[in-house]
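Taking it in order: structure first as structure tokens, then the write-up.
When a ligand or atom number is given, it counts from 1 through the structure's own listing order. Throughout, residue positions are numbered sequentially from 1 according to the sequence presented.
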Amino acid sequence: MTIQQQLLARLNNRTACVSIIGLGYVGLPLAVEFAEAGFSVIGLDVDTAKVESINRGESYIIDIPSRRLQPLVQSGKLRATADYQDLREVDTVSICVPTPLNDIKEPDMSFVINAVDSIAAVCHPGMLIVLESTAYPGAAEDIILPRLAFNSFHVGENVFVAFSPERIDPGNPRYHLRNTPKVIGGVTPACTEVTVALYQSAVDTIVPVSSPRTAEMVKLLENTFRAVNIGLANEMAIMCDKLGVDVWEVIQAATTKPFGFMPFYPGPGVGGHCIPVDPLYLSWKMKTLHYNARFIQLASEMNTAMPHYVVDKITAALNDDSKPVRGSRIVVLGVAYKRDIDDVRESPALDVLRLLHERKADLIYHDPYVHSLRLENGVTLTSTPYSAELLQSADCLVITTDHSSFDYQHVLDNTRLIVDTRHVIGQRAGRARVVLL
Ligand code: SAJ
């Protein structure tokens with residue numbers, strides 16, 4: 001049997017030992033699905049607190065309850081480690097580490113490079129390496145192949161490499177790892193075949209494509225599509241405002257078109273670790289090829305300008321009450337980057353807070369999911385408990401994140417002025433004057 005046939009056999013009869021590097025919102029669900037499929041799984045994370053928590057059967061990921069993790073750990077099917085030496089015998093490695101942008105908005109591949117360097121040191125013939133972390137087109141081949149060649153491996157013969165983008169949406173009640181189709185692009189057809197054999201144990205629908213670069217571009221198209229259309233929705237809001245038209249009514253009516261339209265909505269900007277970040281991986285790569293990805297650039301400019309637009313709205317609304325921003329009590333309601341989560345990464349609410357702080361507003365925020373935060377300018381704030389008195393103290397209240405838990409009628413009845421960046425007050429009537437984006 002060839003090395004590929006031996007690996008395929010171990011994958012098909014579940015005797016392979018599989019590993020995941022990076023046990024976050026992508027890696028831990030993957031480790032659990034592989035273990036439930038019957039594989040012996042080793043999860044590796046540099047954060048020993050995560051390792052210890054998993055080995056106690058305690059989950060820290062919203063989509064994986066501990067009751068699902070415990071039996072896998074107790075049976076020995078799944079264990080966690082921080083030591084790459086524990087991966088010496090594994091057959092497969094799925095890399096699910098962060099790929100953020102650095103301070104000058106360029107890809108930071110350091111987490112991937114560290115993982116690949118560590119894997120290369122323990123790599124053996126027959127190993128499969130899959131990169132899942134979102135990256136620029138060509139990243140999987142640029143980073144993995146030279147490190148394997150250095151160890152005299154031949155990809156597609158005695159070692160296998162693929163890219164398979166993660167499509168995890170934390171907290172999504174409908175779509176999770178198993179029922180979200182998984183794109184897979186191997187360096188060679190043999191690489192694709194063994195990667196499909198591994199992932200079909202954990203995912204119902206596999207979508208093989210012709211190369212890692214193709215798979216990388218699939219992911220970048222998915223999220224660039226969102227960033228560009230959100231940018232368009234934001235510019236529509238600005239244009240409708242100048243025309244005296246309600247953009248929300250326009251979008252709602254356009255959505256009645258049963259084909260050829262998909263609604264996106266204006267907001268205070270675009271947060272999260274995907275949409276503001278992933279498109280810039282593509283535009284960065286294109287710059288190295290002397291091409292300017294104009295849609296991505298424009299969408300990024302549009303979306304990052306929205307916090308300033310929100311503060312202009314607040315300033316104008318206070319001005320109508322003959323109040324300057326300086327010294328006015330401004331209550332910011334909701335700071336997470338989207339509703340019903342606690343993640344503030346790249347959240348536009350942080351920019352709104354920073355801009356208001358720079359204008360010397362008397363600033364308070366409330367977010368039941370976010371106890372405290374630190375602004376880019378180093379200022380730290382703590383969430384003020386919600387109360388009618390808090391609302392009544394506001395010269396202006398800004399809704400930046402539309403958590404489902406808020407009682408918007410109560411907010412409306414206890415506030416004098418609301419800037420609603422999420423159109424969540426809707427048609428409700430109450431005491432406050434409501435200003436929309
Ligand atoms: N946003 C708008 N207007 C919109 C949609 C979103 O302003 O019409 C804002 C949100 O408030 C948020 C940001 O954009 O600040 C991103 O929102 P998102 O709905 O795209 O949520 P994310 O960042 O969690 O995106 C993830 C992505 N998932 C993966 O990359 C695996 C994205 O591809 C998913 O489409 C998205 O979840 C989802 O649909 O939940």
**Report entry** Ser94: side-chain hydrogen bond (donor to acceptor under 3.5 Å, both in side chains) partners, not counting sequence neighbours
**Finding:** Tyr199
Query raised in the report: Who passes side-chain hydrogen bond (donor to acceptor under 3.5 Å, both in side chains) against Asp91, sequence neighbours left out?
Result: Arg10
Query raised in the report: Of all residues at least two apart in sequence or in a different chain, which pass the side chain to side chain contact (heavy atoms under 4.5 Å, CB included) check with Val218?
Result: Arg167, Val183, Glu222
Query raised in the report: Just wondering, do Leu44 and Leu23 contact through their side chains at under 4.5 Å, heavy atoms?
Result: no
Query - Donor-acceptor contact below 3.5 Å, side chain Ser53 vs main chain Lys50 - result: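 No; judged by distance alone, with no hydrogens or angles, the pair does not exist.
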Query raised in the report: Are Lys77 and Phe39 in a cation-pi setup, meaning NZ or CZ lies under 6.0 angstrom from the ring centre and within 45 degrees of the ring axis?
Result: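 Ring-cation test returns no.
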Query raised in the report: Exactly which residues line ligand 1, taking a heavy atom under 4.0 Å from it as the test?
Result: Glu166, Arg167, Ile168, Asp169, Lys219, Asn223, Arg226, Ile230, Phe264, Tyr265, Gly269, Val270, Gly271, Cys274, Ile275, Tyr337, Lys338, Arg422
